[in-house]
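Worksheet: the structure to be examined is printed underneath.
Note that ligands are numbered from 1 as they come in the structure, with each ligand's atoms numbered from 1 the same way. Values below: all heavy atoms of this structure, side chains included; hydrogens, waters and symmetry mates excluded. Treat the numbers as computed from the prediction; the structure is a model and nothing was measured.
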Amino acid sequence: MNDDAQTVFLNGEFLPLEQARVPVLDRGFIFGDGIYEVVPVYARKPFRWRQHLKRLGGSLQAIGITNPRDEAGWTELVHELIARHPWQDQFVYIQVTRGVARRDHAFPKDVQPTVFAMSSQFVPVADALRATGVRAISLPDERWLHCDIKSISLLGNVLARQAAVEAQAFECVMFRDGYLTEGSASNIWVVRGNTVFCPPRDRLILEGIRVGLVEELCATAGITLDIRRITREEVQAADELLLTSATREVLSITSLDGKPVGDGRPGPVYEKLYAAYQQAKAG
Ligand code: PDD
């Protein structure tokens, strides 16, 4: 199935992707005034769905948009979308904006949020890349101070990711005031021995759904987890560096700014967590 044959959901109806249109005065287009979710689907079941739904509700609440659907409504929408596509494993992308209104920064009254959802085939990270791990660069985190909201205003993330691409790297690891925050589209984990370190879940990072999951996986795999601020020096001295996201699952970063991380190969903690992740998917 090519992208043109995709069915999407827009404001109450399912329709072909090429027919889906949003008015130019949609506040998502004008102001980036909206939020989104990316949900992995395995064997046609949304993975960690409850957690994604909760974060979706939290993002909406944080920016003052009334949730346009209840839990059952979102669940029905997502299942219907999954059923309309041939793939067992998919990504569902949900986007809600404040809606369409005459241009004015302040919230308009009486507008319906725009609700959009689409699904595409889940394309796993290539085995060759898993085997070598990926390259990353580092940059100062120049985003706003509400990175905990899964906002569609992603310019800071977009510029960071582009810088990585231009440096032939896979991800950009960001630092604010000398401390690790996260990747342009992922959470970052530092490994030292058998301990995994993760920055605090504050406003400076998006709490990935995989953050809670890795916490659980560490507990079952006998890996110590330490949540605290992490300095640039600690990142540079890491035995392993990992990234997590809905699209990349758990992935090893084996080079940072052109220098090998640890021995430059995916390490034992990565191997354990990746195996545990695959088990969690199957269960
Ligand atoms: N991004 N931090 C940022 C800035 C992200 O954009 C993402 C995910 C994460 C990880 O969150 P999760 O585990 O819930 O995927 C952390 C998605 C995949 C995206 O924007 O495409």
Side-chain angles (χ1 to χ4, degrees), residues 28 32 34-42 46-59 62 78 89-97 116-125 134 136-165 170-176 179-190 196 198-218 225 227 230 241-251 253 273-274 276-278 280-281:
I35 57 91
Y36 75 110
E37 271 300 315
V38 184
V39 187
V41 173
Y42 300 115
F47 184 57
R48 309 289 281 193
W49 174 233
R50 277 265 140 74
Q51 290 87 339
H52 279 283
L53 255 186
K54 189 164 170 243
R55 187 172 67 183
L56 177 74
S59 298
V78 161
D89 294 351
Q90 308 180 17
F91 285 121
V92 169
Y93 172 98
I94 299 170
Q95 177 162 325
V96 182
T97 77
F116 173 66
M118 67 178 174
S119 189
S120 42
Q121 185 171 19
F122 187 100
V123 181
V125 172
V134 298
I137 58 162
S138 68
L139 276 181
D141 192 337
E142 294 179 337
R143 300 172 301 160
W144 72 329
L145 295 174
H146 253 305
C147 300
D148 54 325
I149 301 171
K150 200 161 170 67
S151 159
I152 60 167
S153 307
L154 285 171
L155 195 50
N157 305 64
V158 166
L159 295 178
R161 183 51 156 282
Q162 182 59 22
V165 167
F170 189 87
E171 180 55 300
C172 176
V173 176
M174 297 186 284
F175 292 87
R176 200 188 281 268
Y179 290 96
L180 173 66
T181 54
E182 60 181 339
S184 69
S186 60
N187 290 111
I188 304 289
W189 309 75
V190 171
V196 172
C198 168
R201 292 163 225 197
D202 54 19
R203 291 174 171 200
L204 302 185
I205 66 163
L206 178 79
E207 184 178 341
I209 299 308
R210 267 123 294 277
V211 170
L213 176 58
V214 168
E215 196 169 1
E216 287 171 30
L217 299 181
C218 281
L225 182 71
I227 301 174
I230 302 160
L241 209 52
L242 313 177
L243 68 79
T244 57
S245 79
T247 47
R248 315 299 185 191
E249 303 181 333
V250 189
L251 193 57
I253 296 174
L273 286 176
Y274 181 62
Y277 196 105
Q278 298 314 305
K281 275 162 61 172

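One finds no salt bridge joining E171 and R248 here, because no Lys/Arg side-chain nitrogen approaches an Asp/Glu carboxylate oxygen to under 4.0 Å. We find that E37 and R55 are joined by a salt bridge, their nearest charged nitrogen and carboxylate oxygen being less than 4.0 Å apart.
Residue Y36 has at least one N or O atom closer than 3.5 Å to an N or O atom of ligand 1. Residue E182 has at least one N or O atom closer than 3.5 Å to an N or O atom of ligand 1. In terms of N/O distances under 3.5 Å, ligand 1 is approached by R210. For the pair H52 and ligand 1, the shortest N or O to N or O distance does not fall below 3.5 Å.
Residues I188 and I253 are in side-chain contact: their nearest non-hydrogen atoms beyond the backbone lie under 4.5 Å apart. The side-chain heavy atoms of V39 and W49, taken from C-beta on, include a pair separated by under 4.5 Å. Residues L241 and V190 meet the side-chain proximity criterion, which asks for heavy atoms closer than 4.5 Å. A heavy-atom distance below 4.5 Å is not found between the side chains of Q90 and V78. Looking at heavy atoms from C-beta onward, W189 lies out of side-chain contact with V250 at the 4.5 angstrom threshold. For the pair S119 and V92, the minimum side-chain heavy-atom distance is below 4.5 Å.
With hydrogens and angles left out, the side-chain atoms of Q51 and K54 include no donor and acceptor closer than 3.5 Å.
For atom 10 (C) of ligand 1, the nearest non-hydrogen atom of the protein is N187 OD1, 3.5 Å. Closest protein heavy atom to atom 18 (C) of ligand 1: T247 OG1, 3.9 Å. If you check which protein heavy atom lies closest to atom 11 (O) of ligand 1, you get G208 CA, 3.2 Å. Nearest non-hydrogen protein atom to atom 15 (O) of ligand 1 is A246 N, 2.7 Å.
Contact annotation: for N157 versus ligand 1, heavy atoms closer than 4.0 Å belong to the side chain alone. Only side-chain heavy atoms of V38 come within less than 4.0 Å of ligand 1; its backbone N, CA, C and O stay farther off. Here C147 has no heavy atoms under 4.0 Å from ligand 1, in either its backbone or its side chain.
Listed by atom number, the atoms of ligand 1 under 4.0 Å from I209 heavy atoms are 12 (P), 13 (O), 14 (O). Contact atoms of ligand 1 toward S184: 4 (C) (distance under 4.0 Å to a heavy atom of the residue).
The shell of residues lying under 4.0 angstrom from ligand 1, judged by heavy atoms, excludes Y93. Assignment of K150 to the shell around ligand 1 is supported, since a heavy atom sits closer than 4.0 Å. Using a 4.0 angstrom heavy-atom cutoff, R55 counts as in contact with ligand 1.
Ring-plane geometry between F47 and Y42 is classed as perpendicular, the angle between the planes exceeding 60 degrees on a 0 to 90 degree scale with a lower cut at 30.
With atom 5 (C) of ligand 1 as the reference point, the heavy atom nearest to it among S245, P40, A185, G183 is part of A185.
When each of D148, N187, V211 is paired with R201, the side chain to side chain contact (heavy atoms under 4.5 Å, CB included) condition holds for V211 and for no other.
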